There are 2 protein chains.
Amino acid sequence: MPRPRSLDPDRVAAAAVAIIDRDGLAGLTMRSAATELGLSTMALYRYVTDRDELELLVAEWVLRDLDPTPPDAGSWIEKIKTMAIRVRVEVGAHPRTVPLLIGNRQRSRPLLHWIEGVLVILTEAGFAGTARVVALRGLVGYLNGALLQEQLGPLGGAGTLTMATLPVADFPLLRETAGVARDLPAEEEFAGGLDIVLRGLTAIAPE
Amino acid sequence: MPRPRSLDPDRVAAAAVAIIDRDGLAGLTMRSAATELGLSTMALYRYVTDRDELELLVAEWVLRDLDPTPPDAGSWIEKIKTMAIRVRVEVGAHPRTVPLLIGNRQRSRPLLHWIEGVLVILTEAGFAGTARVVALRGLVGYLNGALLQEQLGPLGGAGTLTMATLPVADFPLLRETAGVARDLPAEEEFAGGLDIVLRGLTAIAPE
DNA sequence: ACCTGAACACCGTTCAAGT
DNA sequence: ACCTGAACACCGTTCAAGT
């Protein structure tokens, strides 16, 4: 007399994300996830084959609402910008999952659909062959780095405590820049960096 | 009758890096590092207070020869490019340490000196205030992302195996692009992305 | 089928003890 | 001072057993 499955992958992922939001990445263990779901530890293995798969579930769940459709108005640069900002918005709801998103970026369905959308835009803009690869990777590389940096602590954030103790004589510009960075909102920092990448893309665009 | 200290931080770091080079990041444990050094596990705690400090030692050791001095010939863009390539060269000798380098980027002395050098170049180019923060962070963001991506597996690399199994109909451009990416050397991919960022920097440069 | 609990081979780290 | 070994509180995961 088989019992009905008490959970679905969505609820498993949501529970894992709740733990990460609350206790950080280190707080997520097979045991804590099972407890959060009201299961014994081993029952969790009914739903995922191992921790790696649980992390993939998390990565896909966080980006489940990521819109992969290219905007239909605006220049191709504006479209790419919109696509990039969409990622940051979704990630912003669960920022501590960032390392998992990066680690699973090649297998995450929502992200793959988003990449396909970006490629549509790049292709319409005339990119092809290796130039298109470079453009995509440059954009994604910046996105990964910027989101990770924002999460690990921006120049103006916690890490600056260490920097405040550095000998001023050896790092005059670093000290000065860190001071300015403290007052620069993360969102503007992200937008500014994205703008650099987008202008760079414009510069190497075909035609 | 105190015994002489049998090791210095440099040898500890070198041993840890040797393990990472050989067995990957997961292979590095307090136990494996101690064994590599011919010590009992707990003797390692004479040299580092905990695992976190061991990882910092690794991060600093890998970049110990990173030249922080701005090149004196060439345009400011060429100088920045040289600085960026220097990082990739040093990292290239121990690529699997990348996550540790990123995690410790705010405390790693060699990296802080390198950043100071980059800031000298940016300042000479006329960058100041928030524009200088954005320029620095955009560059470092790309560097982090690109090196991490290169390490976790480029588009043309292992992860593409997963992609090869995707339904073609849903991801036509992704499939096509992955095929091209497979034949693009990592070095060219990095250089191409760096070029995008540098051109973007040019576009937002003062004067 | 679905769930449980004991157990195994790991971790990082504390502590008391040896030279 | 420097090093050691046992022990503790964790991990992920295997396995045999319950309903």
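Below, read A as the first sequence line, B as the second, and so on, with proteins coming before strands; counting in each chain starts at 1. From a predicted model like this one, the values you see are computed outputs, not experimental measurements.
Pairs engaging residues 97-123 of chain B under the ring-ring contact (aromatic ring centres under 6.0 Å, His included) rule: Phe171(A)-His113(B) [sequence neighbours left out]. Pairs passing the side chain to side chain donor-acceptor pair (under 3.5 Å) check and including a residue from residues 80-93 of chain A, sequence neighbours excluded, read Arg88(A)-Glu150(A).
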Legend entry - Watson-Crick and G-U pairing of DNA chain D, under 3.5 Å, as dot-bracket with | and [ ]: ||.|||||...|||||.||

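For Trp61(B), the ring-ring contact (aromatic ring centres under 6.0 Å, His included) criterion is met by His94(B), not counting sequence neighbours. In this view, Arg132(B) and Leu173(A), Glu176(A), Thr177(A), Leu119(B), Leu122(B), Thr123(B), Phe127(B) satisfy the side-chain contact (heavy atoms from CB on, under 4.5 Å) rule, not counting sequence neighbours. With sequence neighbours excluded, the residues satisfying side-chain contact (heavy atoms from CB on, under 4.5 Å) with Thr202(B) are Ile77(B). Checked against side-chain contact (heavy atoms from CB on, under 4.5 Å), Thr35(A) has no partners two or more places apart in sequence or in another chain. Taking the side-chain contact (heavy atoms from CB on, under 4.5 Å) definition, one finds that Val58(B) meets it with Ala16(B), Val17(B), Ile20(B), Val62(B), Thr97(B), Leu100(B), sequence neighbours left out.
Within 6.0 Å of the CD atom in Glu187(A), the count of heavy atoms belonging to other residues, nucleotides or ligands does not exceed 12.
Look at Tyr47(A) and you'll find a side-chain N or O under 4.0 angstrom from OP1 or OP2 of dC3(C).
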Inset, instruction - Any chance you could list the contact pattern along nucleotides 7-17 of chain C? Use B for base contacts, S for sugar-phosphate-only contacts and - for none, protein heavy atoms under 4.0 Å, 5' to 3'. - result: B---BBBBB--

